[in-house]
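One structure below.
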Amino acid sequence: QVQLVESGGGLVQPGGSLRLACAASGLTYDFQYHAIAWFRQAPGKEREGVSCISSTDDTTSYADSVKGRFTVSRDNAKNTGYLQMSNLKREDTAVYYCAVRPFLRCSGYAAVDFGSWGSGTQVTVSS
């Protein structure tokens, strides 16, 4: 049974930084063969894709709203994915979720592509 645990959320001032982590266990295939995606959902809004890192070749994809501010990465030895968030804005406030799927390229990824999800971590950007 796949288990994903997010950590690293919290309260940060505008312009600040946070690093989210997503620790995976119970995977059928090695972690390196999984695409890792980050989604977020703000109150009253639909869940949106933030970033994704592909399986195997580590190509990445970012939402326009976070390009140049967020960086997605992975540590296969630790079965962990990361989302480094810098220059945070109030509109980044949301619950952030990680999701994984084996053998997926991130081009055109969507929430329906992922069957394994974490429970989310709250990110609040406020002064």
Whether Arg101 side chain and Asp113 backbone form a donor-acceptor pair below 3.5 Å: yes

Between Thr59 and Ser54, a side-chain donor and acceptor under 3.5 Å: yes

Disulfide (SG to SG under 2.5 Å) partners of residues 65-105, not counting sequence neighbours, each pair once: Cys22-Cys98

Remaining members of hydrophobic cluster (4.5 Å side-chain criterion), Phe31: Val2, Leu4, Val12, Leu18, Leu20, Leu27, Ile36, Trp38, Val50, Ile53, Tyr62, Val66, Phe70, Val72, Leu83, Met85, Leu88, Tyr96, Val100, Val123, Val125

Counterpart residues, side chain to side chain donor-acceptor pair (under 3.5 Å), relative to Ser127 (two or more places apart): Arg90

Shortest non-hydrogen contact from Ala63 toward Gly49: CB-O, 3.5 Å

Listed partners of Tyr33 passing ring-ring contact (aromatic ring centres under 6.0 Å, His included), at least two apart: Phe103

Residues which pass side chain to side chain contact (heavy atoms under 4.5 Å, CB included) with Ala21, listed by chain and number, not counting sequence neighbours: Ser7, Thr80, Tyr82

pair Glu6-Ser119: side-chain heavy atoms closer than 4.5 Å: yes

Distance-only donor-acceptor check, side chains Thr124 and Gln122, under 3.5 Å: yes

Any pair counted as salt bridge (Lys or Arg N to Asp or Glu O under 4.0 Å), so long as it reaches residues 32-41, sequence neighbours left out: Arg40-Glu48, Arg40-Asp92

Salt bridge (Lys or Arg N to Asp or Glu O under 4.0 Å) against Arg105, all qualifying residues, sequence neighbours excluded: Asp57

His34 side, atom NE2; Ser116 side, atom OG - distance, nearest 0.5 Å: 7.0 Å

With sequence neighbours excluded, residues passing side chain to side chain donor-acceptor pair (under 3.5 Å) with Lys67: Asp64

Derivation of the side chain to side chain contact (heavy atoms under 4.5 Å, CB included) call for Gln84 and Ser17: CA-CA 8 Å; Gln84 176 68 49; Ser17 299; 4.0 Å; yes

Which residues share a side chain to side chain donor-acceptor pair (under 3.5 Å) with Ser61, sequence neighbours left out: none

For Phe114, all residues meeting ring-ring contact (aromatic ring centres under 6.0 Å, His included), sequence neighbours excluded: Phe39

Contacts of type salt bridge (Lys or Arg N to Asp or Glu O under 4.0 Å), residue Arg74, not counting sequence neighbours: Asp58

Glu91 atom CD: more than 12 heavy-atom contacts under 6.0 Å: yes

Short side-chain to backbone donor-acceptor contact, Asp30 and Gln32, under 3.5 Å: no

Nearest heavy-atom neighbours spanning Pro102 and Tyr29: CB-CD1, 3.8 Å

Residues in side chain to side chain donor-acceptor pair (under 3.5 Å) contact with Gln3, at least two apart in sequence or another chain: none

Under 3.5 Å: donor-acceptor pair, side chain of Gln41, backbone of Val95: no

